[in-house]
Amino acid sequence: MLEQICQLARDAGDAIMKVYDGEQPLNARQKNDDSPVTAADIAAHNVIKKGLLALDPQTPLLSEEDPPSWAVRQNWTRFWLVDPLDGTKEFLKRNGEFTVNIALIENGLPVLGVVYVPVTGVLYAAADGKAWKEENGDRVEITAREAHPPLVVVSRSHSSDQELQDYLSQLGEHQTVTIGSSLKFCLVAEGSAQLYPRFGPTSVWDTAAGHAVASAAGATVTDWQGQTLTYTPRESFLNPGFRVSLF
């Protein structure tokens with residue numbers, strides 16, 4: 001199934017790039033929560049929804065662009081959790097730092113995940129406790145790795161948040177880099193970075209696929225009390241603050 005999900009992510013990425021490259025209109029607008037949505041988000045959602053329905057019709061879908069009500073999903077134990085275009089703000093800035101996120105949740109944990117970067121064609125995938133990076137047709141297994149000083153990756157949209165700055169000031173010697181979307185999980189997973197602290201708001205679809213990749217590569221994804229981040233259905237889609245790290 002992993003290979004089919006990887007191809008589905010690529011197909012969604014192709015739909016996104018048609019908008020990004022100007023072949024189709026952008027149609028940008030603000031949603032009720034003031035987050036942006038574009039024709040690319042909707043096109044990618046439609047590709048993924050159709051593909052998953054054909055591939056796995058018995059498993060329900062929770063997508064950012066069409067989230068079912070709490071009454072519908074409250075007893076789900078296995079479901080697809082999807083962000084068709086993670087990093088819409090970065091998409092609108094045209095910096096390339098946006099991804100397609102597809103995860104399979106079983107009993108509250110992401111057991112399969114795919115993160116695809118449409119602009120570069122780089123794909124990260126995880127299943128059965130292993131994680132891979134595919135680039136230019138070559139797929140290699142990736143493992144989180146320590147480094148001294150550690151490289152800390154932070155959200156491009158939240159890098160100036162005071163809580164984050166206070167945390168970094170107490171961290172000791174380190175370097176930082178800012179980047180958008182779920183790529184932050186993937187940098188830790190491949191060993192390029194060692195820590196991703198998050199205090200600002202995220203939703204479950206922002207993190208599940210990257211969580212799958214990072215944890216399969218040997219990193220931990222925990223809240224600030226040290227508990228593993230989980231995706232058991234709850235009424236709110238918001239995550240608590242968390243950290244992705246090796247230590």
Side-chain angles (χ1 to χ4, degrees), residues 1-20 40-66 76-87 91 96-144 181-192 204-219 221 231 244:
M1 183 184 291
L2 179 65
E3 292 302 326
Q4 292 163 301
I5 299 301
C6 289
Q7 187 55 51
L8 193 53
R10 295 186 193 98
D11 293 343
D14 290 344
I16 289 169
M17 292 305 294
K18 289 179 180 178
V19 178
Y20 194 71
D41 298 77
I42 303 304
H45 164 78
N46 289 335
V47 167
I48 295 169
K49 181 178 179 180
K50 181 180 179 181
L52 289 177
L53 188 61
L55 177 63
D56 187 18
Q58 303 304 316
T59 303
L61 168 64
L62 171 54
S63 168
E64 177 181 8
E65 302 312 331
D66 187 22
W76 288 359
T77 58
R78 184 179 194 268
F79 60 97
W80 292 100
L81 182 51
V82 170
D83 192 342
L85 200 173
D86 180 34
F91 176 89
E97 295 174 2
F98 53 88
T99 58
V100 177
N101 296 349
I102 305 176
L104 179 62
I105 306 300
E106 289 185 351
N107 300 315
L109 296 174
V111 297
L112 179 152
V114 173
V115 175
Y116 179 62
V117 190
V119 167
T120 62
V122 172
L123 182 143
Y124 297 88
D128 301 322
K130 293 183 180 180
W132 302 268
K133 179 181 182 180
E134 184 177 298
E135 188 172 15
N136 299 321
D138 295 324
R139 179 176 290 191
V140 295
E141 190 169 342
I142 55 175
T143 305
S181 74
S182 58
L183 284 167
K184 294 179 284 293
F185 286 89
C186 299
L187 291 184
V188 176
E190 71 181 17
S192 298
V204 291
W205 44 70
D206 297 319
T207 59
H211 181 165
V213 173
S215 60
V221 183
Y231 302 88
V244 184

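Closest non-hydrogen pair, Val244 versus Ala214, comes out as CG1-CB, 3.9 Å. In terms of heavy atoms, Val188 sits closest to Ala219 at CG1-CB, 3.9 Å. Smallest separation of non-hydrogen atoms from Val100 and Pro84: CG2-O, 3.5 Å. Residues Ala216 and Ala126 approach most closely at CB-CB, 3.7 Å, considering heavy atoms. In plain terms, the two heavy atoms of Tyr116 and Arg10 that are nearest each other are CE2-CA, 3.7 Å.
In this structure, CG on Leu8 lies 11.0 Å from CE on Met1, to the nearest 0.5 angstrom. Between atom OG1 of residue Thr120 and atom CD of residue Glu97 there is a gap of 10.5 Å, rounded to the nearest 0.5 Å. A distance of 11.0 Å separates CG of Leu123 from CD of Glu135, quoted to the nearest 0.5 Å. Atom OG of Ser182 and atom CG of Asp83 lie 8.0 Å apart (nearest 0.5 Å). Asp86 contributes atom CG, which lies 4.0 Å from atom OG1 of Thr99 (distance to the nearest 0.5 angstrom). In this structure, Leu85 CG and Ile42 CD1 are separated by 10.0 Å, a value rounded to the nearest 0.5 Å.
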Please tabulate, one pair per line, all N/O donor-acceptor pairs under 3.5 Å involving side-chain atoms of residues 57-65, not counting sequence neighbours.
residue: Thr59; atom: OG1; partner: Asp56; partner atom: OD1; Å: 3.1
residue: Thr59; atom: OG1; partner: Asp56; partner atom: OD2; Å: 2.6
residue: Thr59; atom: OG1; partner: Arg78; partner atom: NH1; Å: 2.5
residue: Ser63; atom: OG; partner: His45; partner atom: ND1; Å: 2.9
residue: Ser63; atom: OG; partner: Glu65; partner atom: N; Å: 3.3
residue: Glu64; atom: OE2; partner: Lys31; partner atom: NZ; Å: 3.1

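In this structure the side chain of Leu52 reaches within 4.5 angstrom of the side chain of Ile5, judged on heavy atoms. When side chains are defined from C-beta on, Thr207 counts as touching Phe185, because their heavy atoms get closer than 4.5 Å. Within the 4.5 Å cutoff, the side chain of Ile142 has heavy atoms near those of the Val213 side chain.
In terms of the side chain to side chain contact (heavy atoms under 4.5 Å, CB included) criterion, residue partners of Leu2 (sequence neighbours excluded) are, by chain and number, Cys6, Leu112, Val114, Ala125, Ala127, Trp132. For Tyr20, the ring pair (Phe, Tyr, Trp, His ring centres under 6.0 Å) partners at least two apart in sequence or on another chain are Phe91, Phe98.
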